[in-house]
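Quick one: the structure is below, questions incoming.
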Amino acid sequence: MTVTVATLGFPRIGPRRELKFALEAFWSGQSSEGELLESAAALRAAAWVRQKSLGADWLPSNDFSLYDHVLDTSVMLGAIPERYGAAPGPVDLATYFAMARGSGEGEGCGHGHGGRTALEMTKWFDTNYHYMVPELAAGQQFALASTKPIDAYREAKALGYETRPVLLGPVTWLTLAKGRDVDPFDFLDQTLAIYVTVLEQLAAAGARWVQIDEPCLVLDLTERQRTALTRTYARLARVGIDVMLATYFGGLEDNLALAANLPVAGLHIDLVRAPDQLDAVLAKAPKTLLLSLGVIDGRNVWRADLAALLDRLEPIAAARDLVLAPSCSLLHTPVDLALETRLDPEVAQWLAFAVQKVEELAILKTALNEGRASVAGALAAATNAAANRRTSPRIHDPAVAARVAAVTPDMRERRSGHAQRIAAQAAVLGLPRFPTTTIGSFPQTPEVRRARAERNRGTLDAAAYEQFLREETERTVRWQEEVGLDMLVHGEFERNDMVQYFGEQLAGFAFTAGGWVQSYGSRCVRPPILYGDVSRPRPMTVEWWRYAQGLTDRPMKGMLTGPVTILNWSFVRDDQPREASCRQIALAIRDEVLDLEAAGAKAIQIDEAALREGLPLRRRDWPHYLGWAVDCFRLAAAGVRDETQIHTHMCYSEFNDILPSIGAMDADVISIETARSRMELLEGFADYRYPNAIGPGVYDIHSHRVPTVEEMVALMRLAKAHLAPEQLWVNPDCGLKTRKWKEVRPAIAAMVAAARQLRAEVC
């Protein structure tokens, strides 16, 4: 029996975010389309070289994307909404990026698109990666509009690499799609016809295998989805190319019989998220089915206990051929731990990034094929690291454990109901109807980033850096006053990231210098590494809030990131339940909330942008997660007086199925993303009869186009159709740090003008 190693996908961005900088240079007009494509080709070639040199036997192609693999699939199928005006035939980059980012007149990579809005964007299953939602309409006709999978395979072959092309599965693509007055599965036949053509072209190019990702197989499937899976793979099997059906992010469970009996040559399963499914899979999978076991965590950064894995794998490898792989694409992990030169050595020995994970797989392969003695040194190092992590005194803090044990039910309850609180807050704040505010951050300009980099390098001293931040903050506060915003924010220029900034000031977190992962497009984040018990040694935001409030008579929001978002946007320790870590973070944020209130803050925003994305993929598991997630938010927020207004913010997720839990959070004001979906989310809030205030985003900040006053007024009129005017705030749909001031100033001015027009209409 033989064991081989596969990677299901490798990070696209490059070791030093080369893709980000190439994209942004192109978008800004500083480089040409040819230069962008050359940079992308260099990244692909480097990834193949690296994976092969690390010991991977099965290399992926078509796992690279200039923006998003779901968008790539939509373009391949020719599923282009009419508003982009795409002519039949290949889709150009202008149209591709207009779908991803939107475009203003005369913008969009040199081609005007008449102010087209971008596709909706939401979270990829329960990860922090965002995908562009396919948009389908009745009567839409598909046609092959991109040969990217075939081109990528040929490109690798020309460089000497035999690859296994990666395709997003047709049933998962239809599951993710949103139909406009049509069921996406009505397009199954059209979709399959194009997939057949793509597979035929891959086979003609010489491809022997193709990897088709169907993560929908770990969800609760409808009968129509099950039927679609059966029809799909019966049709694709006739092409004659071997299919590795890849599932991940959970277990197959009730879908195992379906998956095991599809006419495919291989099946990949996630044994990190669902380790208990192995025995059932082995019992049901035919011996002729090549099994790919996802034994290394593709979504977290912890080093594996290789000896423990071998104990489990050796009996299986003795009986059948196996492929060892990460649990999912390595898209979700940083590229290379070797680039971290300043990370604490004790913490570093507990970690493995994408490169190290492929190395771990290669060690397992060698041990299974040649015996443990052939890699004895590597196995001993992994065992020692695991033992050190279990026993390190840096992991457990008795004081934190004692504080969590002392939490009482009343600590999660506001003193009065919302009706009484809102009256007290109105008396203190004195805001008009349709009050205007922003989500928190303002543009992080090149000057801001340069000053931060100089401070980190030590070429700018602390006093000079603080003075620079004070000037930026004052300039932003004055501009907000001038433009007419009702509730101000300080701009967050001192913050590198909404999670990292807090994690750096909390005990129990470690940070990387280059541990970047892609969030969407060119947007990359460096998730904190939550390795131990969490506490707050000292106040984190109070002085900057106090300085900003001292500049104005208007209310200044205190800005915090909530415990669930800090948890979900970090690489979280795996040696205790996630909810235990979240409660520790909640107590730390509670301390900050109370300190802000004591300093005089009348409004405090606790962002929970990631609450929905942490929702388990199986509905039976929702109540438990939502119970502790809401509990942690309330623990962080509920200690304040009635007159202190608690805001929260959520974005880029579907919320209608968890509205009772959002209501249970009992925030006084929630701001949510609704600009791209044209307020359709609010239908659920109206049906649920959400009692508190809502700021539905009227400005899509992830697009560079500037919306008009008329557009925003139209969106708010839609909002008024669902909710009472006294419930409504007017705000962008997310923070503005990634935008430019030349976009922000006119957009916010238009937003304020829209609010004034709405007041006139109502009054």
Side-chain angles (χ1 to χ4, degrees), residues 7-15 17-27 33 36-48 51 59-80 90-101 109 118-125 127-134 144-156 163-170 172-173 176-177 198 202 210-213 215 246 248 298 328-333 335 354 516-525 702:
T7 51
L8 277 61
F10 204 69
R12 307 161 181 162
I13 59 175
R17 293 180 294 161
E18 290 88 347
L19 178 60
K20 169 187 175 66
F21 300 122
L23 284 169
E24 292 176 355
F26 173 62
W27 292 335
E33 179 174 321
L36 171 63
L37 297 180
E38 285 178 11
S39 297
L43 286 170
R44 290 192 293 271
W48 289 320
Q51 291 170 86
L59 303 180
S61 59
N62 197 45
D63 57 324
F64 179 89
S65 175
L66 284 173
Y67 203 94
D68 165 47
H69 59 280
V70 183
L71 176 61
D72 292 350
T73 306
S74 301
V75 169
M76 180 186 79
L77 294 167
I80 316 297
V91 172
D92 60 16
L93 273 187
T95 302
Y96 179 86
F97 286 130
M99 293 172 72
R101 306 172 67 234
C109 312
L119 294 175
E120 287 185 50
M121 183 166 67
T122 195
K123 298 300 175 70
W124 171 248
F125 291 80
T127 75
N128 187 33
Y129 176 81
H130 303 64
Y131 73 91
M132 310 307 300
V133 179
L144 182 64
S146 168
T147 56
K148 177 175 173 284
I150 302 98
D151 298 339
Y153 174 78
R154 287 176 172 153
E155 179 183 350
T163 61
R164 186 174 68 186
V166 179
L167 295 172
L168 176 62
T172 295
W173 183 82
L176 299 175
V198 169
L202 283 169
V210 63
Q211 174 186 316
I212 302 184
D213 290 0
Y248 42 80
C328 60
S329 170
L330 294 171
L331 165 71
H332 307 286
T333 61
V335 177
W516 298 97
V517 295
Q518 185 182 29
S519 180
Y520 61 88
S522 68
R523 170 72 168 148
C524 301
V525 295
H702 292 286

For Tyr520, side chain to side chain donor-acceptor pair (under 3.5 Å) partners two or more places apart: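 Tyr520: side chain to side chain donor-acceptor pair (under 3.5 Å) contacts with His702.
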For Arg154, give me all partners under salt bridge (charged side-chain N to carboxylate O under 4.0 Å, His left out), at least two apart in sequence or on another chain.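 Result, salt bridge (charged side-chain N to carboxylate O under 4.0 Å, His left out) vs Arg154: none returned.
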Side chains of His69 and Arg12: donor-acceptor distance under 3.5 Å anywhere?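 The criterion, which ignores hydrogens and geometry beyond distance, is satisfied for Arg12 and His69.
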Nearest 0.5 angstrom please: Leu66 CG to Leu19 CG, how far?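 The CG atom of Leu19 is 6.5 Å from CG of Leu66, to the nearest 0.5 Å.
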For Ala152, enumerate each residue passing the side chain to side chain contact (heavy atoms under 4.5 Å, CB included) test, keeping only those at least two apart in sequence or located in another chain.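 In terms of side chain to side chain contact (heavy atoms under 4.5 Å, CB included), with neighbours along the sequence ignored, Ala152 is linked to Ser61, Asn62.
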Distance, nearest 0.5 Å, that separates CZ of Phe97 from CG of Leu71: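 Answer rounded to 0.5 Å: 9.0 Å.
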Mind checking what makes side chain to side chain contact (heavy atoms under 4.5 Å, CB included) contact with Thr333, not counting sequence neighbours?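 Once residues adjacent in sequence are excluded, the partners of Thr333 under the side chain to side chain contact (heavy atoms under 4.5 Å, CB included) criterion are Leu330, Ala354, Lys357.
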Any side-chain heavy-atom pair from Tyr129 and Ser519 closer than 4.5 angstrom?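 No, every pair of side-chain atoms sits at 4.5 Å or beyond.
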Rounded to the nearest 0.5 Å, what's the gap from CG on Asp68 to CE on Met99? Could you check?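 Going from CG on Asp68 over to CE on Met99, the span is 10.0 Å.
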What heavy-atom pair brings Pro170 and Ile212 nearest, and what distance separates the two atoms?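 Nearest pair, atom of Pro170 first, then Ile212: CD-CG2, 4.2 Å.
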Within the structure provided, determine whether Thr163 and Leu59 are in side-chain contact (heavy-atom separation under 4.5 Å).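 The answer is yes, as the side chains (C-beta and beyond) meet within the 4.5 Å cut-off.
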Find out whether Val70 and Pro134 are in side-chain contact, i.e. whether some heavy atom of one side chain is under 4.5 Å from a heavy atom of the other.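 Yes. Closest side-chain heavy atoms under 4.5 Å.
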One thing to verify: whether Lys148 and Asp72 come together as a salt bridge, which I'm taking to mean a side-chain N less than 4.0 angstrom from a carboxylate O.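 Between Lys148 and Asp72 there is a salt bridge, with a charged N closer than 4.0 Å to a carboxylate O.
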With side-chain contact (heavy atoms from CB on, under 4.5 Å) as the criterion, how do Tyr67 and Met132 come out once you've worked through the C-alpha distance, each side chain's angles and the decisive distance to 0.1 Å? CA-CA 9 Å; Tyr67 203 94; Met132 310 307 300; 3.9 Å; yes
Can you check whether Leu331 reaches Gln518 side chain to side chain, under 4.5 Å on heavy atoms?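 They are in contact (side-chain heavy atoms under 4.5 Å apart), so the answer is yes.
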Interatomic distance, Thr7 atom OG1 to Gln51 atom CD [nearest 0.5 angstrom]: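 The CD atom of Gln51 is 3.5 Å from OG1 of Thr7, to the nearest 0.5 Å.
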Please enumerate all residues that pass side chain to side chain donor-acceptor pair (under 3.5 Å) together with Thr73, with sequence neighbours excluded.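 Once residues adjacent in sequence are excluded, Thr73 has no partner under the side chain to side chain donor-acceptor pair (under 3.5 Å) criterion.
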Listed by chain and number, what are the side chain to side chain contact (heavy atoms under 4.5 Å, CB included) partners of Glu33, not counting sequence neighbours?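 So Glu33 forms a side chain to side chain contact (heavy atoms under 4.5 Å, CB included) with Phe26, Leu37, Leu93.
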Checking side-chain contact (heavy atoms from CB on, under 4.5 Å) for the pair Leu176/Phe125: CA distance, chi angles, key distance, verdict? CA-CA 9 Å; Leu176 299 175; Phe125 291 80; 4.2 Å; yes
Which residues pass the side chain to side chain contact (heavy atoms under 4.5 Å, CB included) test with Ala41, sequence neighbours left out?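 Partners of Ala41 under the side chain to side chain contact (heavy atoms under 4.5 Å, CB included) test: Arg44, Glu155.
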Can you tell me how far the OG atom of Ser65 sits from the OH atom of Tyr96, to the nearest 0.5 Å?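 One finds 3.5 Å between OG of Ser65 and OH of Tyr96.
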Report yes if the side chains of Leu77 and Trp173 come closer than 4.5 Å at any heavy-atom pair, otherwise no.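 SC-SC contact between Leu77 and Trp173 confirmed.
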Looking only at non-hydrogen atoms, find the nearest pair between Gly14 and Leu43 and report the distance.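 Closest approach of Gly14 to Leu43, heavy atoms only: CA-CD2, 3.7 Å.
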Which residues pass the side chain to side chain donor-acceptor pair (under 3.5 Å) test with Asp213, sequence neighbours left out?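 Side chain to side chain donor-acceptor pair (under 3.5 Å) list for Asp213, sorted by chain: Gln211, Tyr248.
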Counterpart residues, side chain to side chain donor-acceptor pair (under 3.5 Å), relative to Ser522 (two or more places apart):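 Only Glu24 meet the side chain to side chain donor-acceptor pair (under 3.5 Å) criterion with Ser522.
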Do Asp92 and Thr95 meet the criterion of a side-chain donor-acceptor pair at a distance under 3.5 Å?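 There is such a pair (donor and acceptor under 3.5 Å, judged by atom type) between the side chains of Asp92 and Thr95.
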Distance-minimising heavy-atom pair for Ser39 and Ala22: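 Closest approach of Ser39 to Ala22: CB-CB, 3.8 Å.
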Distance (rounded to the nearest 0.5 Å) between Leu202 CG and Ile150 CD1: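 Between Leu202 CG and Ile150 CD1, I get 5.0 Å after rounding to 0.5 Å.
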Given the rule in the side-chain contact (heavy atoms from CB on, under 4.5 Å) test, do Val335 and Trp516 qualify, once you have shown the distances and angles that lead to the verdict? CA-CA 8 Å; Val335 177; Trp516 298 97; over 6 Å; no
Over all atoms of both residues, closest heavy-atom pair of Met76 and Ser146: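 Where Met76 meets Ser146 most closely, the heavy atoms are CG-O, 3.5 Å.
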Between Thr127 and Lys123, is there a donor-acceptor pair closer than 3.5 Å when you use the side chain of the first and the backbone of the second?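 Side chain of Thr127 to backbone of Lys123, a donor-acceptor pair under 3.5 Å: no, none is there.
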Examine the side chains of His130 and Thr122 and answer whether a donor and an acceptor come within less than 3.5 Å of each other.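 No, no side-chain donor-acceptor pair sits under 3.5 Å.
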Does the side-chain contact (heavy atoms from CB on, under 4.5 Å) test come out yes or no for Leu167 and Val198, once each step is laid out? CA-CA 10 Å; Leu167 295 172; Val198 169; 4.3 Å; yes
